[in-house]
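Accompanying notes for the structure given below.
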Amino acid sequence: MISTKLYNGLLCRHRCCRQIYYWYLLENLRHHSSLISNDEATDLPSHISKLVLKHPSTAASAAASLASTISSSFPSTSLTPSVVNAVLKRLWNDGPRSLLFFRSLLRLPSVSLSPSSFDHAVDIAARLRDRLSLRFLLSARLAAGLPLSHRTFSLLAERFAAAGKPDRAVRLFLSLHHHGIRQELRTFNSLLDVLCKSRRVRKATSLFKTFKHRFGADAITFNILADGWCRLKHTGNALDLLKEMVESGVNPTLATYNILLKGFFRSGQVNEAWQFFLQMKKRGRKMGSDCLPDVVSYTTVVHGLGLAGQIENARKVFDEMISQGCLPSVATYNAFIQVLCKKDSIQNALMVFEEMLRRGYTPNVTTYNVLIRGLCHGGEMERAMELMQKWMVRDERCRPNVHTYNIVIRHWCEKGETEKALELVGRMNEGVDCLPNLDTYNLVISRMFERRRSEDMVVAGRMVMEMVQRGYLPRRFMFNKVLNGLLLTGNQAFARDLLRMQDKFWRLRRDIRL
DNA sequence: TTAGGGTTAG
């Protein structure tokens, strides 16, 4: 594989640059095509996803024909729960097709579906607010002899909260016994967590007061509520809760302290965070390892100090943890690399990245995303693309995700390089890594208005159609903008097609109900 | 997949 850098070097020194360019392209292509053919042979989920994406219809009645295509293309023994889950994950951003795939599997009696696959499908239907599919999936699950699980409850509660219906989540909890799920502390904690993560901390607190005598309360209950207050930047309430926790006879855990530590940084109380961290070290030395900072505490401090602009102090803490025998994790490196990119320099961030590789750490998708974002912010788009290319070739197991694509697409759009952004969207639509999500569509469609060209309006119109087919609702403002753009540039027929799709929007605005 | 650390930009 030849890097762009080497190619640029050769180009400057030699006169026969055209031959060298072809040689460069050929080598890259050869390398790439060998990768693709390996992929096809070994990566079953990718192969199945492509087949599902190519299927001509997404109507519920298309499940039978997809089932026969799948059964004639793959032996049923290859459709293991992990393969099924991997396909559902790849098709995550095309909800209707994910559900079509799942419905087709239900028609294949030789494929046994696991509770986690059902949960994935239920989660997708709930996200789409597709009440009919949701009912169908829940009854199909029961018919398959798989009772609803704790996980089913927590994902439904999460979707209710996200849809602005926290009371429905509470009602579901109160009626759990009708669905064969036990009401116990574990489920109660999940309900509180869903409410706190959706910023309904007061509601969670009032429920906690009502039910604490019925379900009890453990360290996890208090940690969930403390984290909820910290997310709202109400560290005072979190400290009060810590006091209440001790008074109730529940011992705080290291997670409790880490939640508060993060809370101080989040609310901009950097000095309080630092004093709290020193206190943790002091008490830890005196009373044992129960509150001695661990890798999570150190990562929180490195990240918090760095974001506050205290890069040298962050570096000292990073070095100190190693001398204290607490090894940094990939997350610690990611936090440090991110703050260097944001508050210091990309060069120093790249040096830490190289040090990470030298020490034998395996970077993950976040490491690459943080670095690629840093390069994009610094205007070094070519280096960002080079890193993405090298990464994908070097590490086949760690693939770019939707964030990776959105970072690069956003920056190409900002630079006015629309074609490059569209090329990446095209690569996403191949279904190898991940499909575009709502952010991708919003980004690219907004960009299509910059050049005021008729062709761009058609591209924007096609994207609106595609996003609706994949279960994403465009904002009314954007929809009208695309419609006006098409009308003003003489694309009346297309505008009419788009208008006809509006009734589909209404069908998508359904509510979740059990 | 019962709680704590690392991803957009606005």
Side-chain angles (χ1 to χ4, degrees), chain A residues 85 114-116 119-120 122-123 149-158 184-194 196-197 204 215 217-228 230-231 238 241 245 250 252-263 265-266 273 277 280 291 293-304 306-307 317-318 321 326 328-342 352 356 361 363-374 376-377 400-411 413-414 437-440 442-443 446:
Chain A
N85 287 349
S114 68
S116 67
D119 282 337
H120 269 298
V122 164
D123 199 13
S149 67
H150 174 188
R151 172 70 190 141
T152 321
F153 159 67
S154 58
L155 67 87
L156 286 173
E158 200 180 322
E184 53 190 349
L185 182 57
R186 183 167 162 242
T187 359
F188 184 55
N189 282 345
S190 293
L191 173 70
L192 295 182
D193 194 42
V194 161
C196 285
K197 297 249 162 61
F215 300 114
D218 58 6
I220 295 173
T221 322
F222 283 102
N223 289 353
I224 287 166
L225 293 169
D227 187 54
C230 287
R231 280 169 193 267
L241 204 70
M245 185 176 186
V250 180
T253 62
L254 193 49
T256 320
Y257 297 117
N258 286 340
I259 286 164
L260 279 154
L261 188 62
K262 169 86 182 167
F265 279 118
R266 196 162 10 205
F277 179 57
M280 279 173 78
C291 63
D294 67 351
V295 62
V296 177
S297 333
Y298 277 105
T299 305
T300 307
V301 174
V302 167
H303 192 233
L307 282 187
V317 173
F318 187 78
M321 70 184 286
C326 178
S329 63
V330 173
T332 321
Y333 271 103
N334 293 350
F336 194 33
I337 290 171
Q338 190 211 104
V339 295
L340 287 171
C341 286
K342 281 191 172 173
V352 173
M356 177 183 178
Y361 285 87
N364 61 17
V365 65
T366 307
T367 323
Y368 289 110
N369 286 354
V370 162
L371 275 171
I372 289 171
R373 187 178 302 120
C376 289
H377 267 300
N401 61 15
V402 74
H403 294 291
T404 323
Y405 280 100
N406 287 352
I407 293 163
V408 183
I409 289 172
R410 173 176 284 113
H411 282 86
C413 285
E414 281 172 5
N437 67 4
L438 191 60
D439 288 341
T440 325
N442 283 336
L443 260 167
S446 312

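All heavy atoms count here, side chains included; hydrogens, waters and symmetry mates do not. Each chain gets a letter, A, B and so on, in the order the sequences are listed, and its residues count up from 1. This is a predicted model, so every value here is computed, not measured.
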Side chain A:T367 and base B:dG6 donor-acceptor under 3.5 Å:
no

Check whether the side chain of A:T299 and the base of B:dG5 form a donor-acceptor pair under 3.5 Å.
yes

Over how many whole Å does the gap from [X] atom [atom1] to [N] atom [atom2] extend?
| X | N | atom1 | atom2 | answer |
| --- | --- | --- | --- | --- |
| A:H377 | B:dG10 | NE2 | P | 8 Å |
| A:R151 | B:dT1 | CZ | C1' | 5 Å |
| A:N258 | B:dG6 | CG | P | 11 Å |
| A:L191 | B:dA3 | CG | P | 13 Å |
| A:I409 | B:dT8 | CD1 | P | 16 Å |
| A:N85 | B:dT1 | CG | C1' | 12 Å |
| A:R266 | B:dG6 | CZ | P | 8 Å |
| A:K197 | B:dT2 | NZ | C1' | 9 Å |

Considering every strand and a 4.0 Å limit on heavy-atom distances, what is the contact class for [X]: base, sugar-phosphate, or nothing?
| X | answer |
| --- | --- |
| A:D193 | sugar-phosphate |
| A:S329 | base |
| A:D294 | base |

With respect to the phosphate group of [N], does any side-chain polar atom (N or O) of [X] fall under 4.0 Å of OP1 or OP2?
| X | N | value |
| --- | --- | --- |
| A:R373 | B:dT8 | yes |
| A:H303 | B:dG5 | no |
| A:H150 | B:dT2 | yes |

For the residue pair A:Y298 and A:F318, is the inter-centroid distance of their aromatic rings smaller than 6.0 Å?
no

Is there a donor in the side chain of A:T300 and an acceptor in the side chain of A:S297, or the other way round, less than 3.5 Å apart?
no

Residue pair A:T404 / A:N401, side-chain donor-acceptor N/O under 3.5 Å
yes

Measure from the side chain of A:T332, starting at C-beta and using heavy atoms only, and say which of B:dG4, B:dT8, B:dG5 lies closest.
B:dG5

Nucleotide nearest A:K342 (side chain, heavy atoms from C-beta), chosen from B:dT8, B:dG6, B:dG4
B:dT8

Set out, in order, the CA-CA distance, both residues' side-chain angles and the distance that settles side-chain contact (heavy atoms from CB on, under 4.5 Å) for A:T299 and A:V296, then state yes or no.
CA-CA 5 Å; A:T299 305; A:V296 177; 5.7 Å; no

